[in-house]
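Reading through the structure tokens given below for one structure.
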Amino acid sequence: MPEHRPVLLREVIEALRPGEGGVFVDCTFGRGGHAGALLERVGPGGRVIGLDRDPEAVAAALRWAETDPRLIVCAAPFSAISREAAALGVSGKVDGVLFDLGVSSPQLDAPERGFSFLRDGPLDMRMDPGAGPSAAQWLDTADEAEIVRVLRSYGEEPQARRIAAAIVRARPIATTRGLAEVIERAVPRRARDHHPATLTFQAIRIFLNRELEELDNALPQCLDVLRPGGRLAVISFHSLEDRRVKRFIRDEARGDPYPRDLPVAASALHPRLHPVGRAIRATEDEVRENPRARSAVLRVAEKL
Ligand SMILES: C[S@@+](CC[C@H](N)C(=O)[O-])C[C@H]1O[C@@H](n2cnc3c(N)ncnc32)[C@H](O)[C@@H]1O
């Protein structure tokens with residue numbers, strides 16, 4: 001089975017400071033690269049709760065948990081983090097919550113999952129194949145205007161109109177290579193370093209998997225899940241995600257919104273988070289060894 005190399009592993013461990021008896025939630029278990037490093041450090045009394053909505057990731061986690069009962073596996077989207085933590089009796093007691101957003105290497109590398117235009121496979125792109133339409137089904141029925149909106153909002157694709165028109169002319173499109181070829185014909189190869197289909201694939205994936213809604217939904221729930229002094233660590237892979245994480249930490253560090261001209265003591269604003277350091281990026285060495293780390297940004301905050 002293709003494996004996944006965890007990104008910013010040392011930095012995540014430094015941020016979350018796992019120790020004996022610690023309880024951590026890994027919201028994006030994947031193949032457990034980060035979860036494993038946490039388990040190594042929490043001792044016999046510690047626990048790592050691993051969430052994933054991909055059945056293959058959940059199966060890998062369950063196999064692992066057979067030999068390590070300190071790993072607790074939840075087959076759930078991370079927007080259910082509060083509910084899962086409550087069911088496990090750890091609400092308000094968790095030492096650290098980690099999000100390592102986006103797709104894993106096993107997802108990208110498996111042609112049958114349909115995430116990558118580099119490998120020909122059915123045009124699917126669902127992290128949970130049981131949830132919602134596949135990319136092929138959605139493209140078959142969507143209005144051209146809706147396709148334009150998705151490519152613009154989630155891919156920031158400057159050629160959204162031209163690509164959407166080409167998709168509508170060519171559909172039905174059943175395969176990843178089929179979609180990539182429609183885009184290659186519609187827009188000239190860019191002088192940039194990426195393939196012309198890169199932003200379209202990113203946009204459709206983010207839209208279908210409701211990735212930004214999931215993040216917006218889950219971040220505030222972490223405030224209920226963490227204990228005071230517990231830490232939140234989020235690794236984003238593009239600016240649409242990072243912008244949200246940055247804004248969330250900034251707003252929660254500022255506290256309740258009051259009109260600017262009202263004289264209010266800082267303590268009356270009830271700030272809930274304290275940012276820990278600045279955004280952290282992968283070192284050149286890590287990027288050389290793992291190109292996926294190139295766009296990774298880690299932000300860390302502590303619950304007050
Ligand atoms: C980048 S990988 C994580 C890799 C992991 N940290 C490791 O080291 O193996 C992201 C994982 O998060 C899962 N995922 C993404 N969005 C999710 C969501 N909203 N809810 C639950 N799991 C999600 C994906 O299915 C994928 O397995």
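In listed order, ligands and their atoms are each counted from 1. Numbers here simply count residues along the sequence, with the first being 1.
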- Message: Once you restrict to heavy atoms under 4.0 Å, what part of Val103 touches ligand 1? Side chain, backbone, both or neither.
- Response: backbone
- Heavy atom under 4.0 Å from ligand 1: found in Ala35's side chain, backbone, both, or neither? neither
- Item | Ligand-side contact atoms (ligand 1) for residue partner Ser104, heavy atom cut-off under 4.0 Å | 2 (S)
- Query: Hey, is Pro106 one of the residues with a heavy atom under 4.0 angstrom from ligand 1?
  - Reply: no
- Does Leu9 have a heavy atom less than 4.0 Å from any atom of ligand 1? no
- Message: Can you tell me if Leu51 contacts ligand 1 (heavy atom of the residue under 4.0 Å from the ligand)?
- Response: no
- What atoms of ligand 1 come within less than 4.0 Å of a heavy atom belonging to Glu214? 18 (C), 19 (N), 20 (N)
- Query: Salt bridge check: are Arg205 and Glu211 linked by an N-O gap of less than 4.0 Å?
  - Reply: yes
- Query: Is a side-chain N or O of Gln221 found less than 3.5 angstrom from the main chain of Ala80, in a donor-acceptor match?
  - Reply: no
- In the protein, what heavy atom is nearest to atom 9 (O) of ligand 1, and what distance, to one decimal place, separates them? Arg31 N, 2.9 Å
- Item | Test item, Arg210 contacting ligand 1 (heavy atom, 4.0 angstrom) | no
- Message: I need the atoms of ligand 1 closer than 4.0 Å to a non-hydrogen atom of Leu101, numbered in the order shown.
- Response: 1 (C)
- At under 4.0 Å between heavy atoms, what of Arg53 touches ligand 1? The answer is both
- Lys/Arg-Asp/Glu bridge criterion (N-O < 4.0 Å) met for Glu14, Arg41: no
- Nearest to atom 8 (O) of ligand 1, what protein heavy atom do you find, and at what distance? Gly33 N, 3.1 Å
- Message: Suppose we measure from atom 14 (N) of ligand 1 to each protein heavy atom; which comes out shortest, and what is that distance?
- Response: Met127 SD, 3.8 Å
- Query: By number and element, which atoms of ligand 1 are closer than 4.0 Å to a non-hydrogen atom of Asp100?
  - Reply: 1 (C), 2 (S), 3 (C), 4 (C), 5 (C), 6 (N), 10 (C)
- Message: How far is atom 10 (C) of ligand 1 from the closest protein heavy atom, and which atom is that?
- Response: Gly102 O, 3.1 Å
- Message: Using a strict threshold of under 4.0 Å (side-chain N to carboxylate O), is an ion pair present between Glu302 and Arg17?
- Response: yes
- Message: Under a 4.0 angstrom heavy-atom cut-off, which atoms of ligand 1 come close to Gln107?
- Response: 24 (C), 25 (O), 26 (C), 27 (O)
- Is a donor on one side and an acceptor on the other found under 3.5 Å between the side chain of Thr198 and the backbone of His194? no
- At a 4.0 Å threshold, what atoms of ligand 1 neighbour a non-hydrogen atom of Phe78? 16 (N), 17 (C), 18 (C), 19 (N), 20 (N), 21 (C)
- Query: At the 4.0 Å heavy-atom cut-off, does Phe237 count as touching ligand 1?
  - Reply: no
- Take His195 and Glu184 through the side chain to side chain donor-acceptor pair (under 3.5 Å) test and state the conclusion after the steps. CA-CA 8 Å; His195 185 279; Glu184 281 162 16; 2.6 Å; yes
- Query: So between Leu108, Leu8, Asp52, whose heavy atom ends up nearest atom 11 (C) of ligand 1?
  - Reply: Asp52
- Message: I want to check a possible cation-pi pair here: Arg177 against Phe117, using under 6.0 Å from ring centre and within 45° of the ring axis as the test.
- Response: no
- Message: If we ignore hydrogens and angles and just use 3.5 Å, is the side chain of Arg113 paired with the main-chain N or O of Arg126 as donor and acceptor?
- Response: yes
- Task: For the pair Phe78 and Phe99, name the ring-plane relationship: parallel under 30°, tilted 30 to 60°, perpendicular over 60°.
- Result: perpendicular
- Query: Are the side chain of Arg5 and the backbone of Asn290 linked by a donor-acceptor contact shorter than 3.5 Å?
  - Reply: no
- Task: Just jot down the ligand 1 atoms closer than 4.0 angstrom to any heavy atom of Asp54, in number order.
- Result: 25 (O)
- Item | Region of Glu211 that comes within reach of ligand 1 [heavy atoms, distance under 4.0 Å] | neither
- Check whether any side-chain N or O of Lys303 sits under 3.5 Å from a backbone N or O of Gly229 as a donor-acceptor pair, and report yes or no. no
- Query: Relative to ligand 1, is Asp26 under 4.0 angstrom through side chain, backbone, both or neither, heavy atoms considered?
  - Reply: neither
